[in-house]
2 protein chains.
Amino acid sequence: MWADKISVVIVDDHSIVIEGIKSLLLLDQRLNITGHFTTGKTAYNFIERERPHVVLLDINLPDINGIDLCREIKTVAPEIKILALSNHAERNIIMQILQSGANGYMLKNVSQQELLKGISAVVKGDIYFSNEVREIIAKPAKSELKGVPRLTKREKQVLVLIAEGKTTQEIATQLNVSPLTIETHRRNLHFKFQVKNVAELIMAATRCQLL
Amino acid sequence: MWADKISVVIVDDHSIVIEGIKSLLLLDQRLNITGHFTTGKTAYNFIERERPHVVLLDINLPDINGIDLCREIKTVAPEIKILALSNHAERNIIMQILQSGANGYMLKNVSQQELLKGISAVVKGDIYFSNEVREIIAKPAKSELKGVPRLTKREKQVLVLIAEGKTTQEIATQLNVSPLTIETHRRNLHFKFQVKNVAELIMAATRCQLL
DNA sequence: TTAAAAATACTGGAAAACCAGTAGAAAAAA
DNA sequence: TTTTTTCTACTGGTTTTCCAGTATTTTTAA
């Protein structure tokens, strides 16, 4: 009788949310909540050992990033279904966690029906999105269409130093390289973001949440 | 026996959160949850009629702003204790809702103990903050200390054009003034934001939500 | 190990931003 | 209406960024 129940683990840094999900899921006899955690590390240890069917995973965790945790779980146990449950309504966040192997995404304002529907769906092997999320995925914003350029480690460093108001000279000194090198990085940043000066660069980088 | 129970109303747009709070509060026999709502309007109608002792109020509501709802409740029934329960960890939001008459503020990651402690405190007439909130209030961020500079209409115009990547020349043309005038505006913007180049300017203006 | 990507550095020149101080005209507030 | 603020504009510089192209070394991935 217990054997065919769906085991569910809840990971969320808010105990209120954990309690809420628990009480919503308790009403479905087929589900069995085998654990709940407020930190990524404790959750990972448990999940790796116990291999639940489904993990309800929040993206904001105090210790590690939910997106990274998702990837790590999928690496050791790809059969575990991960249903991301988050407040983030931004397209790129949704895409990121799907890229990391999540089987579904819902915002925290889901109804009980939708939550249960989502769990059933991912258990069956489907990818599930709540209605709101479906809309977000459907209509990509102008700014997001451009895509986020892939920056190298060095370029990211230079970018944040530029954003801090440092001059090419200062950045060069701080990173122990020639100012000419920093100029090259600057030019590459401008090229990658398709902008023509610092103002636009900072705006573009902010839009892409790189700052 | 029922008469001396503390009546509590929960207002939050996430049913998960409502369930979570409910299950946490159920454990305290002195509390009686008389209603829970996901919209400001329905909550207000009920609260005005039923006059609960305590309202647990979220700031993000679909229809009206939690801060405004707080003020409205306090206008018709100042004796009702309002405990704000929110995800916002920004100092100015906390201050705003306190200004609107709230009796306490806690982040949604509170523990059960703290939640109950908060309710008891506001019922007794105290103002209550969860630990994290106390810290936020205690140490105002650098950026907030500086405050948002008061910009003139023209300066705001110039600022957004700078952010769009326009050069001094282009801005001058667009606004039909001399480039020298725009330079002056630029200098004044730098002075008002206490920055020394465009990168910092855009960052500062973004922080102040002027862009 | 080999190919590709990234980080490094250079020349030389043009454009734009930044600094400091002044000051008249227009608009808004007292 | 008078005062204050804002917008305008100038002189004469200095610093910094921006552009275009090339090239070696180091690191990373196939």
Side-chain angles (χ1 to χ4, degrees), chain A residues 68 71-72 74-75 96 99-101 146-208 210-211, chain B residues 146-211:
Chain A
D68 295 334
R71 189 171 15 244
E72 283 172 35
K74 280 291 180 177
T75 307
Q96 269 183 60
Q99 209 76 44
S100 304
K146 283 181 202 145
V148 179
R150 285 181 301 289
L151 302 186
T152 67
K153 221 178 291 177
R154 207 50 155 177
E155 283 164 351
K156 278 183 206 154
Q157 278 177 36
V158 173
L159 177 60
V160 309
L161 292 171
I162 291 172
E164 283 171 13
K166 302 251 165 65
T167 66
T168 299
Q169 284 292 340
E170 290 169 333
I171 297 171
T173 306
Q174 185 165 338
L175 300 182
N176 270 304
V177 293
S178 157
L180 298 159
T181 304
I182 303 303
E183 271 196 50
T184 306
H185 287 311
R186 290 187 92 119
R187 262 190 296 138
N188 292 338
L189 283 167
H190 283 202
F191 176 74
K192 287 191 176 178
F193 280 97
Q194 293 281 289
V195 298
K196 57 183 202 303
N197 58 37
V198 202
E200 268 192 295
L201 176 65
I202 302 292
M203 288 297 282
T206 306
R207 251 207 319 270
C208 299
L210 291 167
L211 288 176
Chain B
K146 283 181 202 144
V148 179
R150 284 182 300 288
L151 303 185
T152 67
K153 221 178 291 178
R154 208 47 157 177
E155 282 163 350
K156 277 183 205 155
Q157 277 177 35
V158 172
L159 177 60
V160 309
L161 291 171
I162 291 172
E164 283 171 13
K166 301 251 165 66
T167 66
T168 299
Q169 285 292 341
E170 291 169 333
I171 298 171
T173 306
Q174 186 166 339
L175 300 183
N176 272 306
V177 293
S178 156
L180 297 159
T181 303
I182 303 303
E183 271 195 54
T184 305
H185 287 311
R186 290 188 92 118
R187 262 189 296 136
N188 292 338
L189 283 168
H190 283 204
F191 176 73
K192 287 190 177 179
F193 280 97
Q194 294 281 288
V195 298
K196 60 183 201 304
N197 57 36
V198 202
E200 267 191 297
L201 175 65
I202 302 292
M203 288 296 282
T206 306
R207 251 206 319 268
C208 298
Q209 338 226 253
L210 292 167
L211 289 175

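Just so we're on the same page: letters track the sequence lines, and every chain starts at 1.
Enclosure of atom CD in B/E164 by more than 12 non-hydrogen atoms of other residues, nucleotides or ligands within 6.0 angstrom is indicated.
At whole-Å resolution of the value, CZ in B/F193 and P in C/dC18 are 14 Å apart.
Within the model, atoms CD1 of A/I162 and NE2 of A/H185 stand 10.0 Å from one another, a figure rounded to the nearest 0.5 Å.
Remark: B/K196 pairs with B/E200 by the salt bridge (charged side-chain N to carboxylate O under 4.0 Å, His left out) rule, at least two apart or across chains. Listed by chain and residue number, A/D68 satisfy the salt bridge (charged side-chain N to carboxylate O under 4.0 Å, His left out) test with A/R71 (two or more places apart in sequence, or in another chain). In this view, B/Q169 satisfies the side chain to side chain donor-acceptor pair (under 3.5 Å) rule with no residue, not counting sequence neighbours.
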Protein-nucleotides 13-18 of chain D N/O pairs under 3.5 Å:
{"unit_1": "D/dT17", "atom_1": "OP1", "unit_2": "A/R186", "atom_2": "NH1", "d": "3.3"}
{"unit_1": "D/dT17", "atom_1": "OP2", "unit_2": "A/T168", "atom_2": "N", "d": "3.0"}
{"unit_1": "D/dT17", "atom_1": "OP2", "unit_2": "A/T168", "atom_2": "OG1", "d": "2.7"}
{"unit_1": "D/dC18", "atom_1": "OP1", "unit_2": "A/V198", "atom_2": "N", "d": "2.9"}
{"unit_1": "D/dC18", "atom_1": "OP2", "unit_2": "A/H190", "atom_2": "NE2", "d": "3.4"}
{"unit_1": "D/dC18", "atom_1": "N4", "unit_2": "A/E183", "atom_2": "OE1", "d": "2.9"}

Which atoms of nucleotides 5-8 of chain C (N or O only) lie under 3.5 Å from a protein N or O atom, and what are those distances?
{"unit_1": "C/dA7", "atom_1": "OP1", "unit_2": "A/T152", "atom_2": "OG1", "d": "3.3"}
{"unit_1": "C/dA7", "atom_1": "OP1", "unit_2": "A/R154", "atom_2": "N", "d": "3.1"}
{"unit_1": "C/dA7", "atom_1": "OP2", "unit_2": "A/T152", "atom_2": "OG1", "d": "2.1"}
{"unit_1": "C/dT8", "atom_1": "OP1", "unit_2": "A/R154", "atom_2": "NE", "d": "3.2"}
{"unit_1": "C/dT8", "atom_1": "OP1", "unit_2": "A/R154", "atom_2": "NH2", "d": "2.7"}
{"unit_1": "C/dT8", "atom_1": "OP2", "unit_2": "A/R154", "atom_2": "NE", "d": "2.9"}
{"unit_1": "C/dT8", "atom_1": "OP2", "unit_2": "A/H185", "atom_2": "NE2", "d": "3.0"}

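Remark: the backbone N or O of B/T152 is paired with a side-chain donor or acceptor of B/E155 at under 3.5 angstrom. Without hydrogens or angle criteria, B/K192 side chain to B/R150 main chain gives a donor-acceptor distance under 3.5 Å.
Summary for the helix from C/dT1-D/dA30 to C/dA29-D/dT2: the axes at its two ends, each from 5 pairs, differ by 80° when rounded to the nearest 10 degrees.
Put simply, the side chain of A/V160 does not reach to within 4.5 Å of the side chain of A/L210, judged on heavy atoms. B/R154 places a side-chain heavy atom less than 4.5 Å from the side chain of B/Q157.
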Practice task
Could you please spell out the steps behind the side-chain contact (heavy atoms from CB on, under 4.5 Å) verdict for A/L201 and A/L159?
Solution key: CA-CA 9 Å; A/L201 176 65; A/L159 177 60; 4.1 Å; yes
